[in-house]
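What follows is a single structure, written as structure tokens, with notes after it.
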Amino acid sequence: MYKHIISFIQERFDTESFIPLHEPKFAGNEKHYLNECIDSTFVSYLGKFVTEFEDQIKEFTQAKHALAIVNGTMALHIALVADGVQENDEVLTQALTFVATTNAISYQLAKCVFIDVDKETMGLSPDALRAFLEENAEMINGFCINKKSGRRIKACMPMHTFGHPCRIDEVVEICDTYNISVIEDSAESLGSFYKGKHTGTFGKVGVFSFNGNKTITCGGGGIVITNDDAIATRLKHLSTTAKVPHQWNYVHDEVGYNYRLPNLNAALAVAQMERLSDFLDNKRTLVAEYREFFENGAIKFFIEPKNARSNYWLNAVILDSRKERDAFLKQTNDAGVMTRPIWELMSNLQMYKNCQTDSLVNSKWLRDRVVNIPSSVRFG
Ligand SMILES: *Cc1c(COP(=O)(O)O)cnc(C)c1O
């Protein structure tokens with residue numbers, strides 16, 4: 001039934017053997033910089049590649065500060081710590097996300113509250129967020145309190161699903177009126193812009209991931225960006241064991257973390273950043289081919305939302321029903337064309353099944369129908 005799709009993808013990737021969802025590409029200065037890094041002996045978190053990587057990210061996103069972190073999950077965690085999220089605080093987020101988002105919230109012993117997404121973006125819906133706060137929130141001494149739980153709603157963590165920006169400006173505007181900090185999980189959206197501004201620069205802090213399956217990779221890595229000087233200082237202090245700067249003394253003024261990215265990984269990151277624009281262009285040529293192929297068919301290709309320029313990290317299609325989705329998954333994977341369903345809703349995982357949610361109607365609808373299809377950069 002899906003034979004024509006399978007052969008189309010095999011032609012696109014010029015192979016009939018296994019086609020992964022997203023594979024890394026190393027065709028630039030990666031080996032050169034790695035050797036240079038080893039020769040320098042600066043393989044840990046001190047070294048010129050870390051600084052260079054941070055500068056590249058600042059330049060690309062136009063953020064004022066960037067700090068390289070061991071991976072995206074820890075970057076989300078340190079952002080919550082720096083923002084002052086504490087045990088029993090609540091963090092509003094989407095149920096339709098990768099588990100790293102909610103793991104970071106749980107490391108801080110805070111509670112997740114799940115808000116619905118928009119069908120057009122697959123990211124946090126400002127309409128659902130507004131409705132939830134109007135029904136559940138009251139301001140007490142400047143803090144936003146959840147009337148149902150009595151807990152403080154400290155932060156909101158929207159996620160830009162598969163690199164498609166959510167309506168982040170509206171999310172920030174709503175959160176501002178309730179004194180809720182916005183920490184953008186932009187792990188998937190390096191290279192994605194909303195209304196001309198890079199994702200991750202709308203909220204108080206934005207986070208990117210450089211895991212092996214992301215648009216560009218440094219093996220494992222993350223970065224936090226912010227325009228807030230005080231938060232930037234706090235992030236640096238907390239991520240480097242909270243050591244009080246001094247030429248030789250080892251004094252730490254709170255419990256800190258060892259979360260900085262090693263120079264070795266940064267060497268890889270710098271080489272990958274040099275190729276980012278090429279990669280994004282290359283991915284868009286595949287998107288154009290997919291769009292044309294799926295046009296007018298029964299299966300819908302997911303197109304970047306209004307006002308957005310997406311990186312199309314993982315391409316997505318929408319099937320008619322859960323039954324068709326399962327048939328599609330089976331046939332494509334059997335043929336060696338890797339596809340996978342969008343995540344199970346976090347609110348259905350046993351760790352989060354007691355968390356407060358809204359109706360999650362769009363989240364459930366998308367959960368049953370969305371499938372990712374091969375999205376790697378192709379050279380040739
Ligand atoms: C990849 C990803 C992260 C971070 O992942 P790491 O593997 O820890 O770098 C966080 N959130 C989302 C939504 C992701 O896709």
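Indexing begins at 1, ligand by ligand and atom by atom, following the structure's order.
The closest side-chain donor-acceptor pair between Thr226 and His65, if any, does not fall under 3.5 angstrom. Using modelled atom types and a 3.5 Å distance limit, the side chains of Glu87 and Gln108 yield no donor-acceptor pair. Under 3.5 Å, the side chains of Ser125 and Asp116 contain no donor-acceptor pair of N or O atoms. Residues Thr339 and Thr332 bring a donor and an acceptor atom of their side chains to less than 3.5 Å of each other.
Val255 belongs to no multi-residue hydrophobic cluster, having no ILVMFWY side-chain contact under 4.5 Å with any other such residue.
Formation of a donor-acceptor pair under 3.5 Å by the Asn311 side chain with backbone atoms of Leu190 is found in this model.
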Please tabulate, line by line, the atom pairs linking an N/O of ligand 1 to a protein N/O at a distance below 3.5 Å, with the distance in Å to 0.1, or answer 'none'.
residue: ligand 1; atom: 8 (O); partner: Asn71; partner atom: OD1; Å: 3.4
residue: ligand 1; atom: 8 (O); partner: Gly72; partner atom: N; Å: 3.3
residue: ligand 1; atom: 8 (O); partner: Thr73; partner atom: N; Å: 2.9
residue: ligand 1; atom: 8 (O); partner: Thr73; partner atom: OG1; Å: 2.5
residue: ligand 1; atom: 9 (O); partner: Gly72; partner atom: N; Å: 2.8
residue: ligand 1; atom: 9 (O); partner: Ser209; partner atom: OG; Å: 2.6
residue: ligand 1; atom: 11 (N); partner: Asp185; partner atom: OD1; Å: 3.3
residue: ligand 1; atom: 11 (N); partner: Asp185; partner atom: OD2; Å: 2.8
residue: ligand 1; atom: 15 (O); partner: Glu188; partner atom: OE2; Å: 2.5
residue: ligand 1; atom: 15 (O); partner: Lys214; partner atom: NZ; Å: 3.2

